[in-house]
Amino acid sequence: MPRTWNATQVTTLASRHPDWFGLPRHHGPLPPVVAHLADGESYAAWTARVAGAPRPVVVIRAARRARGELPADPEEEFTGLSLAPTGLAPEPIALIQHPEGGEQREAGGAAYPIIVEALAPGRVLPAAQWTPRHREWLAQVLARLHEPTWPGPGAVTTRADNPPRPIRFDEHIAGVTAHWGRLLPHGETGFGALANAMAAYAAQVTPQIAAVSRFALLHGDPVLTNILVAAERVTLVDWEWTQVGDPARDLGFLGGAIHADPWYAPLADTDIDGFLGAYLDAGGRGDVDGLRRRRDAWLAAEAFGVLGYLLWLAADPEQSALPRHRRGAVELARTLTAFLQPWA
């Protein structure tokens with residue numbers, strides 16, 4: 001079951017780290033004021049404020065799962081944040097991977113990593129409030145992020161040493177199918193039925209994705225809930241899935257024919273083509289048709305994996321699935337089934 005964090009725990013944690021607020025470490029204990037922001041699938045986010053400090057507000061992302069149970073290494077996320085161009089992501093401040101003074105341990109002794117970031121401006125917009133102008137801002141941000149390239153895909157921490165190799169989309173889908181097939185109850189037939197269609201679709205698009213030879217730093221999960229919108233700008237938060245890979249992956253998660261509130265928006269073909277055109281105008285590489293085929297594939301792959309996760313949450317009482325998880329599973333199953341109908 002995911003760990004819960006309370007205000008007392010976060011206050012104690014922040015009070016021990018004056019350096020997070022731009023103060024010298026010997027400053028002594030602080031009286032921070034904390035407030036809960038949100039609970040994600042892997043982290044709980046809190047703000048901590050110290051009036052008069054050089055950096056008066058920070059965001060503390062405290063792991064809800066033990067270090068060995070997190071789906072991605074926090075060091076990857078912290079490195080991705082450090083590499084992102086200024087203004088595109090929150091400023092990374094600190095990463096605590098290992099227990100320090102007991103502040104990340106529970107009774108069982110498991111370590112719960114902490115990522116500390118500067119507070120980014122903006123708010124999450126519901127899908128209905130996104131406009132073509134917002135999508136243009138996002139396209140410009142992603143074009144800047146994808147400008148530096150590396151010869152091979154893989155981890156961010158090893159980016160300079162990742163060997164050139166093609167991305168095998170069909171193998172990726174086979175891995176997702178095997179992972180959730182092991183975890184889902186045997187009576188869960190919806191995921192298995194989609195798996196066959198997904199495999200047939202993957203076989204068709206694999207050559208196009210395998211042809212990609214220039215790989216970029218990716219946010220990895222730029223869904224609506226990970227995008228903060230402010231005046232004339234957007235900021236990407238929650239870099240848990242950052243990686244070096246196909247830039248079209250970052251272009252897919254805004255949504256399309258496959259959608260589910262609150263993560264992926266229902267977008268018309270004209271909306272997607274306009275978004276991709278803005279990306280190319282801002283310096284992104286490729287062509288609209290090629291990017292469109294690949295971004296649709298990555299959206300389908302993400303939806304397929306997230307659907308498996310949501311079905312697993314709903315089937316396991318210890319995971320405490322929320323109503324939005326159940327609604328999301330229904331919407332993803334419906335829209336993904338419709339998208340994959342030609343391959344069913």
Might you work through the side chain to side chain contact (heavy atoms under 4.5 Å, CB included) test for Leu95 and Ile114, ending with a clear yes or no?
CA-CA 6 Å; Leu95 167 64; Ile114 305 292; over 6 Å; no

We want to know whether [X] and [Y] form a side-chain donor-acceptor pair, criterion being a heavy-atom distance below 3.5 angstrom.
X	Y	value
Tyr43	Glu240	no
Asp73	Gln97	yes
Thr242	Glu77	no
Asn162	Trp150	no

Please answer whether the main-chain N or O of [Y] pairs with a side-chain N or O of [X] as donor and acceptor at a distance below 3.5 Å.
X	Y	value
His219	Val237	yes
Arg64	Gly40	yes
Arg61	Ile115	no
Asn226	Asp221	yes
Trp180	Gly305	yes
His179	Val176	no
Asp273	Thr270	no
Asp250	Gly220	yes
Thr335	His259	yes
Glu76	Ala155	no

Quick one: does Ile258's side chain get under 4.5 Å of Glu302's, heavy atoms only?
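Heavy-atom side-chain distance check fails, nothing below 4.5 Å.
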
For Phe191 and Phe304, take the angle between the two ring planes, folded into 0 to 90°, and tell me which bin it lands in: parallel under 30, tilted 30 to 60, perpendicular over 60.
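Ring orientation, 0 to 90° scale: parallel.
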
Ring geometry between Trp137 and His134 (parallel below 30°, tilted from 30 to 60°, perpendicular above 60°)
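Perpendicular.
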
A cation-pi test, strictly: NZ or CZ of Arg294 under 6.0 Å from the centre of the six-membered ring of Trp298 and no more than 45 degrees from its axis. Yes or no?
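Pair Arg294/Trp298 does not count as cation-pi.
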
Atom of Ala48, atom of Ile60 and distance for their closest heavy-atom approach
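Ala48 and Ile60 have their closest heavy atoms at CB-CD1, 4.0 Å.
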
Please give me the minimum heavy-atom distance between Phe21 and Leu30, naming the atom from each residue.
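Closest pair (atom of Phe21, atom of Leu30, distance): CD1-CD1, 3.6 Å.
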
Side chain to side chain contact (heavy atoms under 4.5 Å, CB included) evaluation trace for Val330 with Arg326
CA-CA 6 Å; Val330 171; Arg326 301 179 191 279; 5.9 Å; no

Do Glu232 and Arg133 sit within salt-bridge range, that is, some charged N less than 4.0 Å from a carboxylate O?
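Judged by the 4.0 Å cut-off on N to carboxylate O distance, Glu232 and Arg133 do form a salt bridge.
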
State the CZ-CH2 distance between Arg324 and Trp263, to the nearest 0.5 angstrom.
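One gets 5.5 Å once the value is rounded to the nearest 0.5 Å.
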
Just list the side-chain donor-acceptor pairs under 3.5 Å for residues 281-289, sequence neighbours left out, or say none.
unit_1	atom_1	unit_2	atom_2	d
Arg285	NH1	His146	O	3.3
Arg285	NH1	Glu147	O	3.2
Arg285	NH2	Glu147	O	3.0
Asp287	OD1	Asp289	N	3.2
Asp287	OD1	Gly290	N	2.7

